[in-house]
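Heads up, the thing below is written out as structure tokens.
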Amino acid sequence: MAEQVSAESLPVPEGFEKLNRGGPYFGALGPVYEKRIGEREAIFGVRISSGHLNGNGVAHGGMLATLADSVLGIAILRAHADKRIATVNLTTDFMEAARPGDWVEAHVEIHRSGSRLAFAACFLQVGERRILRASGVFAMSAKV
């Protein structure tokens with residue numbers, strides 16, 4: 001059985017603040033943190049706790065994919081505050097595992113955004129070790 005780890009019991013790296021956005025599903029991942037780098041850019045982070053684990057005792061792939069999808073969407077919305085978005089396609093490549101207590105950071109890059117579609121990618125990493133690569137296509141529409 002995996003060791004019980006509470007995300008709240010471990011320190012958050014300097015410069016990260018709790019991210020207060022998203023709906024209940026995103027909130028269930030958390031707490032998720034961000035370190036702002038300029039007006040529209042940020043690094044996102046989450047501490048892997050017992051509730052994030054699969055039966056093998058490592059971070060569940062669905063949890064990591066949800067984190068990637070969510071932070072890609074947040075980054076696009078920050079660049080296009082006047083839009084609503086929806087994920088059209090999300091591709092994930094799992095490269096390594098994240099373990100209880102690991103601090104996972106999401107580094108996002110928006111590749112292109114037009115009037116209807118945005119393309120972005122991110123890496124999830126533990127320190128310098130990349131654990132997941134994700135790319136997404138998002139549909140954009142005017143807010144109603």
Side-chain angles (χ1 to χ4, degrees), residues 1-114 117-141 143:
M1 179 140 191
E3 164 190 358
Q4 292 295 310
V5 176
S6 167
E8 290 82 10
S9 67
L10 296 170
V12 172
E14 189 175 328
F16 282 86
E17 295 181 5
K18 190 172 180 183
L19 178 62
N20 292 312
R21 77 178 292 147
Y25 187 80
F26 181 68
L29 281 180
V32 176
Y33 298 87
E34 70 175 330
K35 182 178 183 178
R36 296 300 293 258
I37 305 170
E39 194 173 309
R40 294 184 179 169
E41 295 181 45
I43 298 171
F44 302 91
V46 66
R47 180 74 65 189
I48 301 299
S49 67
S50 302
H52 296 132
L53 305 182
N54 64 19
N56 293 323
V58 297
H60 190 285
M63 176 269 176
L64 296 173
T66 298
L67 176 63
D69 181 44
S70 298
V71 300
L72 287 166
I74 290 168
I76 291 168
L77 284 172
R78 284 197 174 142
H80 300 279
D82 61 330
K83 302 285 187 181
R84 296 178 62 95
I85 66 163
T87 306
V88 174
N89 184 62
L90 181 71
T91 302
T92 55
D93 299 305
F94 298 92
M95 300 183 284
E96 289 196 41
R99 292 175 169 59
D102 281 350
W103 176 255
V104 174
E105 289 186 358
H107 298 261
V108 177
E109 182 178 332
I110 298 173
H111 292 298
R112 176 169 159 49
S113 57
L117 292 175
F119 300 82
C122 77
F123 283 103
L124 300 186
Q125 52 192 70
V126 175
E128 296 297 316
R129 184 172 52 93
R130 289 183 169 172
I131 63 169
L132 180 141
R133 174 180 56 200
S135 62
V137 179
F138 295 81
M140 298 192 300
S141 61
K143 284 188 175 179

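FYI, the numbering just counts along the sequence from 1.
With sequence neighbours excluded, the residues that form a side chain to side chain donor-acceptor pair (under 3.5 Å) with N89 are T91. Applying the salt bridge (Lys or Arg N to Asp or Glu O under 4.0 Å) criterion to E41, with sequence neighbours excluded, gives no partner residue. With sequence neighbours left out, D102 forms a salt bridge (Lys or Arg N to Asp or Glu O under 4.0 Å) with R129.
Put simply, the side chain of H52 never gets that close to the backbone of H60: no donor and acceptor are under 3.5 Å apart.
Applying the ring-ring contact (aromatic ring centres under 6.0 Å, His included) test to pairs two or more places apart or on separate chains, those with a residue in residues 87-114 are F16-W103, Y33-W103.
Here the OG-CD1 distance, from S141 to I85, works out to 9.5 Å after rounding to the nearest 0.5 Å. With values rounded to the nearest 0.5 angstrom, I43 atom CD1 is found 5.5 Å from E105 atom CD.
With a 4.5 Å cut-off on side-chain heavy atoms, I131 and V104 count as touching. Between H80 and D82 there is a side-chain heavy-atom pair separated by less than 4.5 Å.
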Only pairs under 3.5 Å count here: list side-chain donor-acceptor contacts from residues 118-126, not counting sequence neighbours, and write none if there are none.
unit_1	atom_1	unit_2	atom_2	d
Q125	NE2	G127	O	3.2

Can you give me every donor-acceptor pair (side chain of residues 62-79, partner residue at least two apart or in another chain, under 3.5 Å) with its distance?
unit_1	atom_1	unit_2	atom_2	d
T66	OG1	G62	O	2.8
D69	OD1	T87	OG1	2.7
S70	OG	T66	O	2.8
R78	NH1	E34	OE1	2.8
R78	NH2	E34	OE1	2.8
R78	NH2	E34	OE2	3.2

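Nearest heavy atoms, V46 versus P31: CG2-O, 3.5 Å. For A98 against I48, the heavy-atom pair with the smallest separation is CB-CG1, 4.0 Å. Nearest heavy-atom pair, K35 versus G15, reported as atom, atom and distance to 0.1 Å: CG-O, 3.4 Å.
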(request) Just do the side chain to side chain contact (heavy atoms under 4.5 Å, CB included) check on R99 and V58 with the steps written out, would you? (result) CA-CA 5 Å; R99 292 175 169 59; V58 297; 4.2 Å; yes
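Counting heavy atoms of neighbouring residues, nucleotides and ligands inside a 6.0 Å radius, atom CD of E17 does not exceed 12 of them.
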